[in-house]
**Student:** 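Pasting a structure here, questions to come.
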Amino acid sequence: MATLATQNSARLSNPEFTQMSCEFTQVLMKLQRATHLIASTLELDCVLDRVVNDIASTLGNVEVGVWLRAEDTDEMVLHGVRGCTVHKKGSRLRVGAEGMVGHTAASGVMRYAPDVHRDPYYIGCEHATRSEVTIPLKTAGRVTGVLCVDHDQLNAFSDDEITVLQAIAGHVAIAIENARVFRNEREERKRMEDESKEARAIQQALFLKPTPLVPGFAFETAWHPAGAVAGDWYDFIDLGEERYGIALADVSGKGMSAALLMSATRALLRSIASLYVSPAKTLEHLNRILLEDFPSGKFVTMLYGVLDAKKREVTFASAGHLRPLFINGHCAFLDVDTGLPLGLGPSIYPEKTVTLHPGTRVLLYTDGITEAMSATDEEYGPARLLEHFADPEACVNGLIAEVQAFGAGSRHTDDATAVLIRSR
């Protein structure tokens with residue numbers, strides 16, 4: 001019986017075999033170029049299915065498998081397979097302990113067995129298998145997987161063919177890494193989206209409650225976050241004896257951090273509001289607490305009023321917030337002196353008391369309304385706010401709709417919140 005070396009030499013000296021080998025190598029080169037398309041696929045399962053199917057279809061009479069290193073154990077897991085009746089997707093091999101795949105995964109070196117029955121690392125799989133090549137898939141020098149190709153002929157792979165398969169393995173490794181990165185980023189985005197949805201649901205549960213029933217008064221509210229969560233908020237606090245605290249505030253910043261600071265500020269305000277008769281004292285005490293707790297550079301603007309339904313009066317104090325709009329036959333901004341925003345530094349908060357005769361309205365709002373920008377970077381502005389509420393039938397939902405239409409197509413978005421007090 002001729003040795004494998006003799007057989008291989010005879011094959012190489014055979015003109016028909018040489019021509020066949022050249023044609024075959026050209027086919028493999030086409031397959032190598034096709035791997036650039038594989039690398040553009042970002043779904044990991046699709047990548048692996050294309051890899052094993054393209055290689056198997058090109059070579060013929062082969063078994064192809066792609067094994068990836070498990071993230072939780074020291075094992076190789078079969079993620080892509082074609083032509084194997086023994087191993088299925090999900091099959092596992094121990095790194096360094098099972099088969100040529102395990103050996104290549106441990107050593108990081110390609111292994112070729114021209115006769116699998118003579119290779120000490122080969123573990124029998126398909127009965128017809130005669131030769132096998134296992135090629136490491138590496139990312140940043142680390143073995144992340146193994147490409148395994150079996151053939152039903154002895155010494156089935158020439159040096160050129162193995163070189164091409166190694167090149168293919170390099171492209172496959174890149175494609176797998178890209179797909180993994182894409183999968184991880186997608187999972188992280190989903191996790192963040194789920195957390196944002198949960199946070200928004202919590203905020204909605206806090207805000208979207210029925211407004212208090214106060215004899216002689218009615219309230220309209222609108223709360224429209226620019227993102228999943230908001231730093232704007234409003235609240236009604238029953239202080240007893242037909243007195244109600246009404247707060248509208250805007251936390252600096254956006255997103256989850258602003259939402260967290262908003263929740264903390266709201267909870268603190270609710271805990272101390274009933275301890276102080278005047279809005280000024282309430283804001284002063286709240287500010288002292290926030291100065292101790294707030295991160296540097298973070299602050300809250302707030303307009304806090306106490307409505308006395310018996311006296312039909314509302315007393316406001318402002319912590320750097322926009323002046324409320326007073327509507328009583330004509331529209332004008334209330335001249336409310338303001339202290340510093342909460343959390344910036346020690347401050348006092350002057351008060352302003354107004355009488356709410358029947359038919360009077362008072363609007364509290366955030367800068368997401370007056371500073372809303374159009375697609376041409378024009379500001380909505382106070383003048384448009386005055387014009388909107390010159391209409392006796394104007395309401396906050398109509399205001400929000402007008403502001404959103406005004407800002408359609410703009411790159412600048414912000415939370416928009418408003419509270420309208422109607423005196424009947």
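Heavy atoms only: backbone and side chains are in, while hydrogens, waters and symmetry mates are out. It should be emphasised that the depicted structure is a prediction, and the values quoted were computed from it without experimental measurement.
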**Student:** Would you say that more than 12 heavy atoms from the other residues, nucleotides or ligands in this model lie under 6.0 Å from the CG of Asp159, or not?
**Tutor:**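 Not buried by this count: 12 neighbours or fewer within 6.0 Å.
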**Student:** Hey, are Asp45 and Arg183 close enough for a salt bridge, meaning a charged N less than 4.0 Å from a carboxylate O?
**Tutor:** no
**Student:** Are any side-chain N or O atoms of Tyr349 and backbone N or O atoms of Asp337, one a donor and one an acceptor, separated by less than 3.5 Å?
**Tutor:** no
**Student:** Which residues satisfy the side-chain contact (heavy atoms from CB on, under 4.5 Å) test with Pro295, sequence neighbours excluded?
**Tutor:** Leu261, Lys298
**Student:** For Ile348, does the CD1 atom sit with more than 12 other heavy atoms under 6.0 Å from it, leaving out its own atoms?
**Tutor:** no
**Student:** OG1/Thr366 to CG/Leu303 distance, rounded to the nearest 0.5 angstrom?
**Tutor:** 11.5 Å
**Student:** Does atom CZ (Arg189) have a neighbourhood of more than 12 heavy atoms from anything else shown, all under 6.0 Å?
**Tutor:** yes
**Student:** Answer yes or no: does atom NE2 of His127 have more than 12 heavy-atom neighbours from other residues, nucleotides or ligands under 6.0 Å?
**Tutor:** no
**Student:** Check the side chains of Glu351 and Ser278 for a donor-acceptor pair under 3.5 angstrom, ignoring hydrogens and angles.
**Tutor:** yes
**Student:** Using distance alone, with no hydrogens and no angle criterion, decide if Thr282 and Tyr304 have a side-chain donor and acceptor under 3.5 Å apart.
**Tutor:**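 Short answer, no.
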**Student:** Would you check if the side chain of Arg69 reaches a backbone N or O of Ala105 as a donor-acceptor pair within less than 3.5 Å?
**Tutor:** yes
**Student:** Does Glu387 have more than 12 heavy atoms from other residues, nucleotides or ligands lying within 6.0 Å of its CD?
**Tutor:**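 No, the 6.0 Å shell around CD holds no more than 12 heavy atoms from other groups.
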**Student:** Could you check whether Thr139 and Arg180, counting side-chain N and O atoms only, form a donor-acceptor pair closer than 3.5 Å?
**Tutor:**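 Per modelled atom types, Arg180 and Thr139 side chains form no pair under 3.5 Å.
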**Student:** Does a side-chain N-to-carboxylate-O contact under 4.0 Å join Arg130 and Asp150?
**Tutor:**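 Here Arg130 does not pair with Asp150 in a salt bridge, since their nearest N and O are not under 4.0 Å apart.
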**Student:** More than 12 heavy atoms of other residues, nucleotides or ligands under 6.0 Å from CD of Glu187: yes or no?
**Tutor:**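 Above 12, so yes.
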**Student:** Can you tell me if CG on Leu213 sees more than 12 non-hydrogen neighbours from other groups inside 6.0 Å?
**Tutor:**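 Atom CG in Leu213 is not crowded, with 12 or fewer foreign heavy atoms closer than 6.0 Å.
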**Student:** For the pair Ser131 (side chain) and Gln153 (backbone), establish whether a donor and an acceptor sit closer than 3.5 Å, ignoring hydrogens and angles.
**Tutor:** yes
**Student:** Quick one: does any side-chain atom of Trp233 pair with a main-chain N or O of Trp223 as donor and acceptor, under 3.5 Å?
**Tutor:**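 Such a contact is absent between Trp233 side chain and Trp223 backbone.
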